[in-house]
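Reviewing the structure listed below.
Nothing fancy with the numbering, it's 1 onward along the sequence.
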Amino acid sequence: MVAINLNIETTLETTDSFVLTSTEIANRFVLLTHTPAAASVEVEVAGGVKQLEGSDYALTGNRVSWTGLGMQSFLAEGDTVLVHYEHTS
């Protein structure tokens with residue numbers, strides 16, 4: 001008998017929604033549920049426009065941060081941030 005190992009990864013689309021707390025505002029980051037696939041992330045503030053990686057936010061692993069970037073100037077407690085991305089299962 002021959003064992004066959006099928007390591008099949010599935011790409012899934014996910015949206016994480018954050019209603020920002022005072023702690024997230026002070027820390028200037030949120031953690032995504034999964035680590036996104038490269039070049040698959042879109043960040044938007046509800047009622048606003050799509051944010052630009054590098055100008056408005058930074059992505060490191062599953063961490064979206066905005067220290068010293070554009071989103072820092074306008075985010076407030078209670079704002080909703082939506083992060084759309086792909087990840088593998």
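- In this structure, the side chains of Leu69 and Asp56 stay at 4.5 Å or more apart for every pair of heavy atoms.
- Glu77 has its side chain out of reach of Leu20: every pair of non-hydrogen atoms, C-beta onward, lies at least 4.5 Å apart.
- For the pair Tyr57 and Gln51, the tightest heavy-atom approach, listed with the atom from each and the gap, is CE2-O, 3.7 Å.
- Using a 4.5 Å cut-off on side-chain heavy atoms (C-beta onward), Phe18 and Leu31 make no contact.
- Taken from CG in Asp79 to OG1 in Thr21, the straight-line distance is 11.5 Å, to the nearest 0.5 Å.
- Taking CD of Gln72 as the start and CD1 of Ile25 as the end, the distance is 9.5 Å to the nearest 0.5 Å.
- Hydrophobic clustering (ILVMFWY, side-chain heavy atoms < 4.5 Å, transitive): Val64 and Leu82 are in distinct clusters.
- Separation of atoms NE2 (His84) and OG (Ser40) is listed at 11.5 Å; rounding is to 0.5 Å.
- Of all heavy-atom pairs spanning Ser17 and Thr80, the tightest one is OG-CG2, 3.7 Å.
- The two residues Asn62 and Pro36 come nearest to each other via the heavy atoms CA-CD, 4.2 Å.
- In summary, the side chains of His87 and Thr14 do present a donor paired with an acceptor at a separation below 3.5 Å, with no hydrogens or angles considered.
- Two residues are said to be in side-chain contact when any heavy atoms from C-beta on lie closer than 4.5 Å; Leu59 and Tyr85 fail this criterion.
- Applying the salt bridge (charged side-chain N to carboxylate O under 4.0 Å, His left out) definition to pairs two or more places apart or across chains, those involving residues 28-50 are Glu42-Lys50.
- Each of Trp66 and Val19 belongs to its own hydrophobic cluster when Ile, Leu, Val, Met, Phe, Trp and Tyr are linked at side-chain heavy-atom distances under 4.5 angstrom.
- Between Asp16 and Thr33, the closest heavy-atom pair is OD2-N, 2.7 Å.
- Using modelled atom types, no side-chain atom of Ser55 and backbone atom of Leu52 make a donor-acceptor pair closer than 3.5 Å.
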